[in-house]
Amino acid sequence: MTDAALSAEQHRPTEPALLDDVPGWFWDHDRHLFEWFLGRQERTGVTGDLLEMGAYLGRSAIVIGGHRQPGETFTVCDLFDLDAPDDENAAEMSLSYRKSLTRTAFESNYLSFHDTLPEIIQAPTSVLAGGRLPAGAFRFIHIDASHLYEHVVDDLRVARAALQPQGVVVLDDYRSAHTPGVAAATWEAVFNHGLTPIVLTESKFYGTWGDPEPAQQDLLDRVGLAEGCRLAVETLNGRRLVRIGGSSEGIEPFRPSRHRDRLVAEAARREAEQAEAEALRAQQEAEVDLSVRRIRAAERRRPANVAKRVAGDLLPPVVTAAIRRARRG
């Protein structure tokens, strides 16, 4: 293999068999809630476009894309392997994921689960401002791009203009120690700009600029909620707030990729080949051991060796020692 071919092989995206094979930070409770909110919208006849701002390698986008209905558009906006627009954002990317994030890897992962790609805007999320997105056209928006306060504020402005009145916005890393800018922008929107929390997980904030009560009541009534989910109710500034935790019990696994059967078959074949090679190696070692033992046995049966053993067994030790000294000269 040439150096160029070897380099291309090393950089070829790994094909995922399961959603968990796609690198990223998207835990079971959040995957369950994404599907819960999107499925609830579909069951109640809500239609509208879908948007993800910041996609990394596609784990959450794959889930969102599975709920795109006929006539709807799913848009993903991410820099991927482009340079960041400012030094602070570039430093953030270099610290977190610059070496692993490429558009090619995202597309390969996404197409492992879907037949067509979403509409991809490879640019900073700031390009979505200024009316690029149709107002009120979106039913679900996931914000997981820059963690810098000013950027999250702008992303929230875009989301507010683009969402339907009862649309759902999800913010990632709203409470992590390394992302204080997301926390500041999120709670500022809650207390000053009409964003209302629906439910919180360890990682994500789910809210709306509409009425949170219907969705909260369905959660509390456990409509379609997994068995292991544990709910708690808080009051924040006079409004009800639901928190969710617990175990992953009852959360259905996401469907496997188109590669799963082939990858499982290839893994089984490799295991069989390895077992066969180990069995052959053990057989060869046994044959070598048997050959050595046969050679040693034949050596012991040679007349001279037999005579030596007999002399050693029958002659007195003093005589045997004298004979050995005489042979040595």
Side-chain angles (χ1 to χ4, degrees), residues 19 22 24-27 29-80 103 106-107 109-129 131-146 152 154-174 195 198-199 201 203-210 212 214-215 218 224 254-255 257:
L19 185 67
V22 178
W25 305 268
F26 191 45
W27 316 123
H29 282 111
D30 288 303
R31 179 176 61 79
H32 182 45
L33 279 181
F34 269 48
E35 300 213 81
W36 189 90
F37 275 105
L38 289 162
R40 180 179 181 274
Q41 289 175 333
E42 292 148 21
R43 288 191 301 273
T44 57
V46 175
T47 60
D49 294 332
L50 312 168
L51 172 64
E52 181 162 73
M53 305 163 76
Y56 190 47
L57 293 176
R59 188 184 284 198
S60 56
I62 289 165
V63 174
I64 297 172
H67 288 270
R68 184 175 65 84
Q69 301 176 101
E72 295 180 342
T73 299
F74 176 31
T75 302
V76 169
C77 182
D78 197 298
L79 280 171
F80 295 113
R103 179 168 175 170
F106 169 84
E107 292 180 350
N109 289 331
Y110 193 89
L111 291 174
S112 295
F113 295 85
H114 300 291
D115 294 332
T116 58
L117 289 168
E119 179 183 330
I120 296 176
I121 301 174
Q122 188 170 1
T125 55
S126 58
V127 305
L128 302 177
R132 175 164 182 171
L133 299 177
F138 291 79
R139 62 183 172 102
F140 189 91
I141 295 178
H142 180 214
I143 299 176
D144 188 15
S146 171
V152 182
D154 289 341
D155 291 344
L156 279 165
R157 289 197 187 106
V158 169
R160 184 175 188 178
L163 272 176
Q164 300 173 3
Q166 286 298 115
V168 175
V169 62
V170 185
L171 288 122
D172 185 63
D173 277 334
Y174 76 101
L195 178 62
I198 302 173
V199 60
T201 68
S203 301
K204 296 185 188 291
F205 172 106
Y206 298 74
T208 182
W209 278 277
D218 281 352
F254 193 75
R255 59 181 173 80
S257 82

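Predicted model only: the values in this text are computed from it and were never measured.
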Worksheet item: What's the spacing between Ile143 CD1 and Leu156 CG if we round to 0.5 Å?
Response: 4.5 Å

Worksheet item: So, does Arg103 use its side chain to make a donor-acceptor pair with the main chain of Phe80 at under 3.5 Å?
Response: no

Discussion item. Using a 3.5 Å distance criterion without hydrogens, assess whether the side chain of Asp154 forms a donor-acceptor pair with backbone atoms of Ser126.
Written reply: no

Discussion item. Nearest 0.5 angstrom please: His32 NE2 to His29 NE2, how far?
Written reply: 7.5 Å

Worksheet item: How about Ile120 and Phe106: do any of their side-chain heavy atoms sit closer than 4.5 Å?
Response: yes

Practice prompt. Can you measure from CD (Glu107) to OG (Ser112) and round to the nearest 0.5 angstrom?
Written response: 11.5 Å

Fill in: Student check: side-chain heavy atoms of Leu171 and Val152 closer than 4.5 Å
yes

Practice prompt. For Glu52 and Ser60, work out which heavy atoms get closest and say how close.
Written response: OE2-OG, 2.5 Å

Worksheet item: Can you find a pair of side-chain heavy atoms, one from Asp144 and one from Trp25, that are under 4.5 Å apart?
Response: no

Practice prompt. Measure the spacing between CD1 of Ile64 and CZ of Arg31 and express it to the nearest 0.5 Å.
Written response: 13.0 Å

Fill in: Where Gly58 and Val22 come nearest, the two heavy atoms and their spacing
C-CG1, 4.3 Å

Worksheet, complete the sentence: Of all heavy-atom pairs linking Ala123 and Cys77, the shortest is O-SG, 3.4 Å

Practice prompt. To the nearest 0.5 Å, tell me how far Leu79 CG sits from Thr125 OG1.
Written response: 8.0 Å

Fill in: is_close_aromatic(Phe26, Phe34), centroid dist under 6.0 Å
yes

Discussion item. Applying side chain to side chain contact (heavy atoms under 4.5 Å, CB included) to Val158 and Met53, what does each step give before you reach the verdict?
Written reply: CA-CA 10 Å; Val158 169; Met53 305 163 76; 4.3 Å; yes

Worksheet item: Are side-chain heavy atoms of Asp30 and His142 found at a separation under 4.5 Å?
Response: no

Worksheet item: Less than 4.5 Å apart, any side-chain heavy atom of Leu33 and any of Lys204?
Response: no

Item to complete: State, yes or no, whether a side-chain contact exists between Arg43 and Arg40 at a heavy-atom distance under 4.5 Å.
Response: yes

Fill in: Closest contact, heavy atoms only, Ala159 versus Val169
CB-CG2, 4.2 Å

Discussion item. Is it the case that the side chain of Ser203 and the backbone of Asp173 share a donor-acceptor pair, with hydrogens and angles ignored and the cut-off at 3.5 Å?
Written reply: no

Practice prompt. Give me the one residue out of Leu38, Ile141, Val76, Thr75 that meets side chain to side chain contact (heavy atoms under 4.5 Å, CB included) with Leu50.
Written response: Leu38

Worksheet item: Measuring from Trp36:CH2 to Gln41:CD, what's the distance to the nearest 0.5 Å?
Response: 10.0 Å

Worksheet item: If you look at every heavy atom in Leu195 and Gly207, which pair is closest and at what distance?
Response: CD1-C, 4.1 Å

Item to complete: Indicate yes or no for a side-chain donor-acceptor contact from Asp78 to the backbone of Ala55 under 3.5 Å, with no hydrogens or angles considered.
Response: yes

Fill in: CA sep, side-chain torsions, deciding dist, call: Arg139, Thr47, side chain to side chain contact (heavy atoms under 4.5 Å, CB included)
CA-CA 7 Å; Arg139 62 183 172 102; Thr47 60; 5.6 Å; no

Fill in: Phe140-His67 aromatic ring centre distance below 6.0 Å
no

Fill in: Side-chain donor or acceptor of Arg255 paired with backbone N/O of Phe113 under 3.5 Å
yes

Response to the item:
Tightest non-hydrogen contact, residues Thr201 and Tyr174, listed as O-OH, 2.8 Å

Worksheet entry | Under 3.5 Å: donor-acceptor pair, side chain of Asp49, backbone of Thr73 | yes

